[in-house]
Asker: 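The structure follows.
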Amino acid sequence: MHHMVVNLVIDSDLCLVRGQEEKLMEVGPSNWQKACFVPAKADTIVVAFRMWLKKYVGGQIKWGTKFSGYLPPILSREQLMDRYWNHVVHCSSCNGAYKGFNTLKISLQVLSVASLAIMVTSNSIARRNTLSADSILCFLGSKWLSHFIYKTFHFHDYNHAFK
């Protein structure tokens, strides 16, 4: 459960961070104050880090040959915030939860179809009503779980303007 909350927070900042990277590239590492507005007390660590970078490494990390100085092309929001390939595949906790929720989703689908099959063979009206309600509830639970799995383990769009 902890990863679900943390991922939502981290993913929500990915688009903002990418935009800041481009602004920093435009003004250069020594003029970072022109690209970043950091008025909050919580931003003190960012200012301290930037001052440290300027003092000890000339404003930016020397990546050697690994970084050419140009940012890679901008990805779509779906690609940038693709939680499954960026995190779930590599995290044993999230991968286990993902497999468990998918198993539950499939079980609910099987129960829904099984309830319908049993309902067709039943002679009792009360039993038919109960089985049809069970089938509908299992189907709805499966659809809700499918939506939950997608938003939690694949892609959950986040727009800061609406929060």
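Heavy atoms only: backbone and side chains are in, while hydrogens, waters and symmetry mates are out.
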Asker: Using side-chain heavy atoms (C-beta onward) and a distance below 4.5 Å, is Asn95 in contact with His90?
Answerer: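 A side-chain contact is absent here, since even the closest heavy-atom pair is not under 4.5 Å.
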Asker: To the nearest 0.5 angstrom, please state how far the CG atom of Leu108 sits from the CH2 atom of Trp144.
Answerer: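 Between Leu108 CG and Trp144 CH2, I get 10.5 Å after rounding to 0.5 Å.
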Asker: How about Lys105 and Asn102: do any of their side-chain heavy atoms sit closer than 4.5 Å?
Answerer: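 Lys105 vs Asn102: side chains touch.
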Asker: Write down the atom of Tyr98, the atom of Val88, and the distance for their closest heavy-atom approach.
Answerer: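 In terms of heavy atoms, the two residues are closest at CB-CG1, 4.0 Å.
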Asker: Taking all atoms of both residues into account, what is the closest heavy-atom pair of Asn129 and Ser132, and its distance?
Answerer: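 Heavy atoms of Asn129 and Ser132 come nearest at O-OG, 3.0 Å.
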Asker: For residues Met119 and Leu111: do they belong to one hydrophobic cluster (side chain heavy atoms under 4.5 Å, members Ile, Leu, Val, Met, Phe, Trp, Tyr)?
Answerer: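 In one cluster with Met119: Leu111, no.
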Asker: What's the separation between atom NE2 in His147 and atom OG1 in Thr152, rounded to the nearest 0.5 Å?
Answerer: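 Between atom NE2 of His147 and atom OG1 of Thr152 there are 8.5 Å.
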Asker: Given the rule that I, L, V, M, F, W and Y join up when any side-chain heavy atoms are under 4.5 Å apart, are Trp85 and Ile149 in one cluster?
Answerer: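 Yes, one cluster joins them.
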Asker: CZ/Arg50 to CD1/Ile45 distance, rounded to the nearest 0.5 angstrom?
Answerer: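 Rounded to the nearest 0.5 Å, the CZ-CD1 separation comes to 13.0 Å.
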Asker: Parallel, tilted or perpendicular, judged at 30° and 60°: which one describes the rings of Tyr56 and Trp52?
Answerer: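 Judged by the thresholds at 30° and 60°, the geometry between Tyr56 and Trp52 is tilted.
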Asker: Calculate, to the nearest 0.5 Å, the distance between atoms CZ and CD belonging to Arg83 and Glu78 respectively.
Answerer: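 Between atom CZ of Arg83 and atom CD of Glu78 there are 13.5 Å.
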Asker: When clusters are formed by joining ILVMFWY residues with side-chain heavy atoms under 4.5 Å apart, either directly or through shared neighbours, do Phe139 and Val120 land in the same one?
Answerer: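 No.
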Asker: Linking I/L/V/M/F/W/Y whenever any side-chain heavy atoms sit under 4.5 Å apart, do Ile136 and Ile106 land together?
Answerer: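 In one cluster: no.
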Asker: Cys94 versus His87: any side-chain heavy-atom pair under 4.5 Å?
Answerer: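 Yes - at least one pair of side-chain heavy atoms lies under 4.5 Å apart.
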Asker: Does the side chain of Leu131 come within less than 4.5 Å of Leu116's, by heavy atoms?
Answerer: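 The answer is no, as the side chains (C-beta and beyond) never meet within the 4.5 Å cut-off.
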Asker: Could you state whether Met51 and Leu24 fall into the same hydrophobic cluster, counting links through intermediate Ile, Leu, Val, Met, Phe, Trp or Tyr residues with side-chain heavy atoms under 4.5 angstrom apart?
Answerer: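 As far as the 4.5 Å side-chain criterion goes, Leu24 and Met51 are connected within one cluster.
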